[in-house]
Each structure stands twice: as C-alpha cells, then as structure tokens.
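Here is the naming used below: chain letters follow the sequence lines, and residue numbers restart at 1 for every chain. In what follows, every heavy atom counts, from backbone to side chain, and hydrogens, waters and symmetry copies are set aside.
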Number of protein chains: 2
Amino acid sequence: MGRKRIPTIHDVARLAGVSTGTVSRALNARSGVHPVTRQRVMEAVNKLGYVPSVAARELAGRTEAVGVMVTPRVWKYSPYFILLFEALDEALWHEGYKLVEVPMSPSGEPLQPAAGYIVLGAHDHDPRLERMRQKHPNSVLVGVHSGMFWVAPDDPGGAYAATQHLLELGHRDVAHLGAAGQVGRERFEGYRQALTDYGVPYRPELVLNGAFTTLPAYRAVRRAWEGGLRFSGLFAASDEMALGAIAALEDLGLNVPHDVSVVGFDDLPDLERPLTTVRQEIPAIAKAAVALLKEATSHAPPRGVRVGVQLVVRDTTARRR
Amino acid sequence: MGRKRIPTIHDVARLAGVSTGTVSRALNARSGVHPVTRQRVMEAVNKLGYVPSVAARELAGRTEAVGVMVTPRVWKYSPYFILLFEALDEALWHEGYKLVEVPMSPSGEPLQPAAGYIVLGAHDHDPRLERMRQKHPNSVLVGVHSGMFWVAPDDPGGAYAATQHLLELGHRDVAHLGAAGQVGRERFEGYRQALTDYGVPYRPELVLNGAFTTLPAYRAVRRAWEGGLRFSGLFAASDEMALGAIAALEDLGLNVPHDVSVVGFDDLPDLERPLTTVRQEIPAIAKAAVALLKEATSHAPPRGVRVGVQLVVRDTTARRR
DNA sequence: CATAGATTTGTAAACGCTTACAAGATTCCA
DNA sequence: TGGAATCTTGTAAGCGTTTACAAATCTATG
C-alpha cells in the first residue's frame, strides 16, 4: 500500500469535469465562474480532500507576504502571543498570504517590505505606532489606536462580565490585579464600571499592579495581603496573573475559591489549574485582523473592530461565605 | 526606483557563464561539478546576493518535511523552546528540509508522516520515546536517550563551570535550585561533582526543587530561606529560575550579588536583568540535530552528541564577603 | 595517438498553481 | 430573430527550482 498520492488541482479538475483554470478560479476568484460549476468543483475538492500546494501557489505569484511585527520583542515569548501568531499564520494562509515575521526598526520602520503589516502588542502611545499609521496605511494593529485599522477583544466587556460574576456571587470586596498599557486600562475600566452598576463603591487601594505574568502577580498579591488588605474576590487581568495570585493566596494559607474567588482573562489552554476566566477567541481575532488587512490595502477608511469575549465559569470562584 | 528584482538562478547562471543546471548542482550536489566552475558560481551567488526560492525548490521536489514533536505540549510556550524551534527551522531550511510541527499521539506515534522526526523535551523515561526509537529510526532526540540519536548541551559541564565559578569566588555554602527530569539531574550532577573536586562537602538540604520557571523557583527559595536555610551562592538550573530566585532574595531584603551570588543556565536573550549564566548555543544544537537526522536517515548506528556550553560572567555574582 | 571510460556540462521536462487571452455560450435588446 | 454585449470556460505560458538524459570534454591506457 504505497503512500497515498496527494491530490492536485488536476485531479479535482478531472473529477469535476472542468479545466484546471476553472478550478483555480472557483477556489480563489470571487466571481467569473458559474454557480453550479463552482458547486461541482467544491464537491470534488471535498471528496478528494484537496488542499492547494502552498509552494505552487507561491511560485505562481499569488501569495504575498504580510509582515507581522511584535513589539516589544519579549512579548513574543508569552503564550498568548504564540497562540495569536499561530492563529494569524493560519488565517493569513487561508487568504493566500504568507506570514513573515518582520522586525521593526527603532524608528518604527518595518525592516522588510511586505504587502501589508500586522502589528502586535505595541504600547498605545508608542510613537512608532503613529509612524506606522502615517507611512503604512496598509497595516492593522491588534490593539486599539484611533485613526488606523485595529482589532481588539472586548476587553471592557470581558472585565465587566468577570467582575459582575464575582459581584453576583455575593462578593463585595472585589480587588483587581491589573497591568499597565491600553489593555490593562480597558480591563480596569470594565471592572470599575461593574462596581458602579452594582452600587459597590470603588476603592482605589483594592487595585493592585503587576505585569501580565505570574511572578509579579504573586508578589503584588502577597505583599498587599501581608500589608493587611482584605478581599474575597479578585479579578486578575490575565490567566497567568490569576495563577500567580492563587499561588500567593495559597502560600498565605488561604483556599481558592473557598476564601477568595479568582477570575482570570484569556482562557489559555493547558493551564495547571482550570480557571474561571474570560475566554478570548484568538482565531476570531486573527481572522478579523486579516479581513481588516484586506480592507486596508484597498484604501478604505480606517476602522476598528471588537471581537466578542465570553465568561467561562470553572472552579476558582464560589459564592461568598 | 522600482523594487529591486530578486535574483534567480538564471541570473546567477548568466553571470557565471554556465547553465542553470550547473548552478543548481554547484549549490546542492556534493560532487559532479568542477572545482573552478563551482568557485565561479559561488562568486556570482555572492555578488548577486542570490538566495534560492524556497517555494520553487519545494515544488521541484527537493524539500522534504521533517516533523518536530514537542512533548509535553506546554513546553512549547517556554522561551527556550521557542528559540530552539526557530533555530531548528533555520537549520532545517538550510539543509533543504522544511519544518512541520507534528503532534504525537498518546501512544507515541507521529500524527503525520514525515521524512524524519526531531523530538523535543520528552521525559527520559517516557514510554513514547522508546516507541519512537523502535519504530522510527529516522528520528533524533534533543535530550539524552541511549540507543537512539540524540543531541544535548553539555549540561554536566555547564553546571560544573557554574558551581566552580561560585566556589572560586570564595563561596562555600553553595545551594542548587534544581528541577526534575534528565536535564535537571545532569545539572545537579555537575554541581555535585564541582563540590567534590573542590573539597566542599555536599549537603543535601542545600538542594532546592522547583520547575524550570520563575514562580516555583521564587517559592522554593523564599520558603527555604524563611525556614532558616542560609547560603551565599546559588546555582539555578535555568535563567528563569535564577530570576525567580533573585526576586525572592530581594523580597527577603537581600542584595544580589552582594549578599548572595546567583548563576543561571541558558543565557536567554532580553532578560530583565543581565545574569551570570551558562550560555547554550541554541543554533549549534539545532545544527547538530539536523546533521544527526541526516545520519539517522542513512541507517547509521545511533549515537549522541554533546554541544559545548560556556560560562558568561555578568553582574549577579561577586566575591564572597 | 586513438579510444574506452570517467567526469563535467547543457538541455529540457517536470513540480502544482495562476492568469492573460481567446473561444464558446448565454443574455438582452431592437 | 440577429447581433452586440456579457459571462463562463478552456488553453497554455509562465513562476524558480531540480534532475534524468544526452552531449561534450577530459584522462588514462595500450
């Protein structure tokens, strides 16, 4: 039983009874092929499990490179960004582009030319962002920045839902473990809004600060608690922070969720402990980014889109005792 | 000034005054082209800055896929593995292969066929490893496992050098912050050997355990110190652990390196603090893995290779007061 | 010095896809 | 109902490599 030959466009064409040119058009071109023909082609594609060869497609000149820039560089090493990267790769490939990682010069110039750019993780007041906006209208930001194309998860909404969840469980001393930057700020806003809507006074001392990673979160929570701060609910601005917070609380002899309920944000896979958290649809964000990129390259006026987000309740939250 | 056209093999051929076939052979085939011709071709290649098109090469059937399997999956999210991945990608590409990430089934079967496999991070007693060894002789492990091809950094040597460095700075109470698994064990052995060679008695209570990440390291060090354990030098089994340890020591009111000297392992880039550490040459490991893979596919008897490692002294270590 | 054998080179056919172009089929209107 | 205008389709020429195969050139030997 020899290795199954991978089906090519010719196999599809033969099975569908059309020419390869037609198959190609059916697959790529938005128009110019009769609906019933396209239907037949699609059936053949499915029956054969045909998937176009990236190499051939690229050789034939159809794939353009889009540059993904990560800034600051270190963010590349966080799970969230890795997942986003993978999702972008997939989404771009699906639209006939290929992802190339391009470094950003200190002045904010892409170090390699590309048909378009996707910028990841820039600080909102980073001057390089402004520069990108002006010099490269064919770029989209994953984040928020007016005047350019951007996609972002519904951070305020998610934070609101997380906080609301804690409030509805009866918690009144709800702390927030936050981080700097646009994202951190928006998640904080959602937290604060929920407090307001539920008539719980906002107490600034209840907002702790760390970075988006575990260790700073651990330290912030532990220091605060040892300093006498008390709360029965905690909304952490990321899953990693939530993990750090839980470790700290446990080291202090507390039980999660018995003594303190903790909510995270992101819903990262493979965590050491199942978290109540706000789920981001990373693939959806990637798809939206690519869709916007196509708009951007066709000189449409810039706009931003929010991708929905969803609370998922697991076992780090419980009703207040 | 139009976009510079990317030079193709034809340009090289013309400039060198030979045919494209010859250029191709000069570039790829080990033999079958006259030395002076090859020389001329190489000059043309350099002058033009020619780099072969991956797509074309792949289409023409020269590139085979090699599967990289990461196990357990979560390791994919650590900086070390990301760097290793990138290095492997580069090294494979250089040899005309392309990297595809292939998941490993629970039983230890690659979920996609490939011309060869590179296994990353498996526990040394993982039964799936044994299975790979038997059913897929065309695979190499990054790690140590007798009976199959493997590459690994010189962990014992590096650990020895790190510990030696501390000892030569006059430290006598040298602790070790270790981790489980083959790698952890080897680094521990290096530590212990250095102690012996320098006539410093080995004290089991001085070896702390954590995982390879910051938070467990922080907790282990803090708990130990609070429990009364004292040391003036610490060899951590990874840079991330070193960072965690330093944070813990500082939270305890100690100064690094003034009160305690800390050495890491890996030499990760972009760290928040420059560490005295043991540098791994990740690109060299990747190259070695690929070289071994070629051996493995030609049915050579399995062997392992160690890649050298180097102590780099920065400012987290100081002479004992 | 002729010639068999070995070595080096050129030629051209793939690889799987896209797309300009031309041809064929369909629609629409006078 | 004829023909122009519009849609849909097939044909074939690339895209940049590799590699069988054949041709040309060398080397060695008698």
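Each of A:Ser19 and B:Leu27 was assigned the nucleotide of DNA chain D with the nearest heavy atom; the assignment lying further toward the 5' end belongs to A:Ser19. Residues B:Gly32 and A:Ser53 both approach DNA chain C. Their nearest nucleotides, taken by heavy-atom distance, put B:Gly32 toward the 5′ side.
Residue A:Ser24 has its side chain nearest to C:dT18 when only C:dT18, D:dT8, C:dT11 are considered. With D:dT17, C:dG10, C:dT18 as the candidates, the nucleotide lying closest to the side chain of B:Val18 is C:dG10. Which of C:dG16, C:dT8, D:dT8 sits closest to the side chain of A:Leu59 comes down to C:dG16. The A:Pro35 side chain lies nearest to D:dT8 when the options are D:dT8, D:dT17, D:dG14. Here the side chain of A:Arg25 is nearest to one of D:dT8, C:dC21, C:dT11, namely C:dC21.
Protein atom OH of A:Tyr97 is 16 Å distant from nucleotide atom C1' of C:dT18, rounded to whole Å. Spacing between atom CD of A:Glu58 and atom C1' of C:dT18 amounts to 13 Å, rounded to whole angstrom units. A:His10 places its NE2 atom 10 Å from the C1' atom of C:dC15, with the value rounded to the nearest Å. Distance B:Ile9 CD1 to D:dT17 P: 5 Å, rounded to the nearest Å. Here C:dC17 presents its P atom at 11 Å from CH2 of A:Trp93, a figure rounded to the nearest Å. In this structure, OH of B:Tyr50 is placed 10 Å from C1' of D:dT18, rounded to the nearest angstrom. Straight-line distance from the CZ atom of B:Arg38 to the C1' atom of C:dT7: 14 Å, rounded to whole Å. Atom CD1 of B:Ile6 and atom P of D:dC15 are 14 Å apart (whole Å).
For the OP1/OP2 pair of D:dG10 and a distance below 4.0 Å, the side-chain nitrogens and oxygens of A:Thr22 include at least one atom meeting the criterion. Phosphate proximity of D:dG16 to B:Thr8: absent, as no side-chain N or O sits under 4.0 Å from OP1 or OP2. OP1 or OP2 of C:dT8 has not a single side-chain nitrogen or oxygen of B:Thr37 nearer than 4.0 Å.
Counting only distance, with no hydrogens or angles, the side chain of A:Asp239 and the backbone of A:Leu268 share a donor-acceptor pair below 3.5 Å. A side-chain donor-acceptor contact under 3.5 Å links B:Thr297 to the backbone of B:Leu293. Although no hydrogens or angles enter the test, the distance criterion places a donor-acceptor pair under 3.5 Å between the side chain of B:Arg40 and the main chain of B:Ala16.
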Requested in this report: Begin from the C-alpha positions of B:Glu90 and B:Lys287 and carry the test salt bridge (Lys or Arg N to Asp or Glu O under 4.0 Å) through to its verdict.
Outcome: CA-CA 9 Å; B:Glu90 168 80 20; B:Lys287 282 198 198 90; over 6 Å; no
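For the residue pair A:Glu130 and A:His145, a side-chain donor N or O sits within less than 3.5 Å of a side-chain acceptor on the partner.
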